[in-house]
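See below for the structure under consideration.
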Amino acid sequence: MPTLLITIKPAAAAEVATIQIDGTPLLGTRLELESPARVHVSVTAIGFTRFAKDILVDKDMTLEVDLTKRAHKRNRTLAVSLGMGAIGVLAWLVRRR
């Protein structure tokens, strides 16, 4: 019976992460299969990037998932914010016509 063990780094992401195998939520971090199979692993955590990968589990394996912090909208520069505001105003003016 092949087993897939999923480890999530950093610890802050591991605390809030949800793991899905082929679209079904997984309780815990260990998946035991009856026979070798290809599975789709998806890991999501609020505030972190999403991880998705197809894996062939034919023996005991460990999948290490390293999630990185997602950039927050407040990290935009002033020029980007002003440019986006100008585009919004132009779009509004075009719609008014």
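- Pro36 and Pro2 get closest at one heavy-atom pair: N-CG, 3.9 Å.
- Shown here are the side chain to side chain donor-acceptor pair (under 3.5 Å) partners of Thr68, two or more places apart in sequence or in another chain: Thr49.
- Here Thr44 pairs with Thr18 under the side chain to side chain donor-acceptor pair (under 3.5 Å) rule; sequence neighbours left out.
- For the pair Pro10/Asp66, a side-chain contact is recorded, criterion being any heavy-atom separation below 4.5 Å from C-beta on.
- Here the closest heavy-atom approach between residue Glu64 and residue Lys9 is recorded as OE1-NZ, 3.8 Å.
- Taking every heavy atom of both residues into account, Ala45 and Ala17 meet most closely at CB-CA, 3.9 Å.
- Atom CD1 of Ile46 sits in a sparse spot, with 12 or fewer heavy atoms from other residues, nucleotides or ligands closer than 6.0 Å.
- Through chains of ILVMFWY side-chain contacts below 4.5 Å, Met61 is grouped with Leu4, Ile6, Ile8, Ile19, Ile21, Leu26, Leu31, Leu33, Val39, Val41, Val43, Phe48, Phe51, Ile55, Val57, Leu63, Val65, Leu67.
- Taken to the nearest 0.5 Å, the CD atom of Gln20 stands 8.5 Å off from the NE2 atom of His40.
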